[in-house]
There are 2 protein chains.
Amino acid sequence: MPARLSLNEIEELSFRTLTRAGADERQAGPVACSIRRAEADGVRSHGLLYLPIYAAHLRSGKVDGRARPTVARPRAGAVTVDAAHGFAHPAIAAGLPVLAQAAREGGVAAMTVHRSYNCGVLGHHAEDLAREGLLALCFTHAPASIAPVGGRTPVVGTNPVALAVPDGAGGVGFVLDQSASVVAKSEVMLRARRGEPLEEGWALDAAGQPTTDPQADLAGSMRPAGGAKGFGLGLVAEVLASCLAGAVSSREASPFSGADPVPPATGQCLIAFDPGAFASGFSARISALVTAISDQAGARLPGSRRQQARQRTLSEGVAVEQELLERIRQEVQ
Amino acid sequence: MPARLSLNEIEELSFRTLTRAGADERQAGPVACSIRRAEADGVRSHGLLYLPIYAAHLRSGKVDGRARPTVARPRAGAVTVDAAHGFAHPAIAAGLPVLAQAAREGGVAAMTVHRSYNCGVLGHHAEDLAREGLLALCFTHAPASIAPVGGRTPVVGTNPVALAVPDGAGGVGFVLDQSASVVAKSEVMLRARRGEPLEEGWALDAAGQPTTDPQADLAGSMRPAGGAKGFGLGLVAEVLASCLAGAVSSREASPFSGADPVPPATGQCLIAFDPGAFASGFSARISALVTAISDQAGARLPGSRRQQARQRTLSEGVAVEQELLERIRQEVQ
């Protein structure tokens, strides 16, 4: 029977596990918080499930638990962060106030992060900017897993895009967070671990043929959502989060899982707009857009499932499998 | 038998037709050039095929052929253009040098256009920025034609995104230009005019059911590419090109075709980055990315078909159906 943990317990367990594995408080704090937020929103793949991987990466040196991110603002609207092979979360947290300030001053600003790592739930970084009253458009990339349509060799990762829209009252109108592939890679890895087959249309094997075997997919290509258009969206993220940021390419990045000690050195790109700099009435237009979607029977506003999970887990906490807790406890000892 | 026109002849015919229909030189020039570029790239839907529609819109007052766009720079990185219900092309052309200057100064800048019109081939505006050495990410929107997944009422248009990447030598690495729907709406309208059925998977009727009848689609919804992810991409464009720009919503915009005299009053959003502001080595990373795609047998770099057409039409010109030339000539008289 699974244990039920409160969100506070999840964050404390995460912090303790990360620090025991070698992270200092400045690195562990933002990552522990990100695990709490992922579990709160029902994004299990970036919740406690990832904690043993984070711990293993701290031990192997794949991530530097004592890294100090460096923030610079080389031009008025350009913020750069060197994550120094630490976690992505403390690097992004260090740069975010500078990005917000630059966006308010200039109307728009962009922040790139390099020598970074898996940034978890991309939508949460976008949401943090939206809660500052800024419109956020964010990109990250990941080790290559999607081949161009017609080709066989992966060039881009599942490379997501996130958009978070402020509601004009300190809250968020909606958060969109979607990857370039039909399904998230974490779902494939979950099925591989459980020995379960994939759904039709998710994956291609190394010869470019459709497969439902998760192992064949991991040796082949994730299928992009909408064919060439999904690959195209992955390319946009690749250009912004890797090429512009000065990060390693998705093709060369070391895996986000596994025990090899090479840092992935991937990147992120966060763009923030101050809506008031461009036109008045932004909040009213967003409100009408939200209503036009959420008033339709059968339609869902992007991010609404996460919002519902957030309300539920706040009071009910989260059910966590004993086997996972046991794996985490072994990390803490 | 179709006539063969050179690109110069296409541009001259377009300019003459637009001015006879009521556009002054400052409005007609950039639009005629856009028709030439669309035909050069093999994008027939925004080439001469659109010219009779432009002319009809000038005559009905749907577009103001004597509009003067106004450019402002309310903050260092924010450029706004009021297209004043004229064509989109002269408005974008008026703002582009200001946007480029702002992007070089700040590292990034954004330009929004409102009271605008169909901007034709979005990728061409992105390409113009890339030829200035800037990385361009552009969005536009269109009268609503895509319902959210599960719903029946269109909320966003086919709302494309375009990315153009400078190659570091005054040229362009590649241009990506893709709409949120499985196919462009112009293809549906072409089939409707010819009385031909649509392909499976392109469209939904007013009850949300799959259809191959173009008329049923025009009363229903274009199917988004990749399901909810295509709709999500359309939403990103809606938020940037309509909500941020202070343009009318896609839901309320008057059609881009048809004779009603109401201006569409839609918008655009162009984001330009100076790659050198963020990290060194951008061009080398882009070059390696391009090679990783174009070296794969069977794979295509985004925009490569347009590039091939451009080389061909430069020497061969374009075959134009007599029936279309006749319709255009009737506009000129």
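Since this is a predicted model, take the numbers as computed values, not measurements.
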Any non-hydrogen side-chain atom of [X] less than 4.5 Å from a side-chain atom of [Y]?
| X | Y | value |
| --- | --- | --- |
| B:L137 | A:F139 | yes |
| B:D295 | A:T153 | no |
| B:R75 | A:D274 | yes |
| B:L135 | A:V239 | yes |
| B:L235 | A:L289 | yes |

Considering all heavy atoms of both residues, which atom of [X] and which atom of [Y] are nearest to each other, and what is their separation?
| X | Y | result |
| --- | --- | --- |
| A:A78 | B:G107 | CB-CA, 4.4 Å |
| B:Q296 | A:R152 | OE1-N, 2.9 Å |
| A:G246 | B:A279 | CA-CB, 3.8 Å |
| B:L163 | A:V236 | CD2-CA, 4.0 Å |
| B:G232 | A:Q178 | CA-OE1, 3.6 Å |
| B:F278 | A:A110 | CE2-O, 3.5 Å |

Where at least one partner belongs to residues 132-145 of chain A, residue pairs that pass salt bridge (charged side-chain N to carboxylate O under 4.0 Å, His left out), sequence neighbours excluded: A:R104-A:E132
Give the member of [options] that has the highest number of heavy-atom pairs under 4.5 Å with chain A.
| options | result |
| --- | --- |
| B:V161, B:L301, B:L240 | B:L240 |
| B:S179, B:A109, B:A72 | B:S179 |
| B:A247, B:A299, B:C243 | B:C243 |

Side chain / backbone / both / neither for [X] at chain A, heavy atoms under 4.5 Å:
| X | value |
| --- | --- |
| B:P302 | side chain |
| B:A297 | backbone |
| B:I271 | side chain |
| B:V182 | backbone |

Once you round to the nearest 0.5 Å, how far does [atom1] of [X] lie from [atom2] of [Y]?
| X | Y | atom1 | atom2 | answer |
| --- | --- | --- | --- | --- |
| A:I286 | B:S242 | CD1 | OG | 8.0 Å |
| B:F231 | A:R300 | CZ | CZ | 11.0 Å |
| B:L244 | A:R285 | CG | CZ | 8.0 Å |

Top contributor to chain B interface from A:G230, A:A103, A:P148, A:A277 [non-hydrogen pairs under 4.5 Å]: A:A277
Short question: side chain of A:K229, backbone of B:A180 - any donor-acceptor pair under 3.5 Å? no
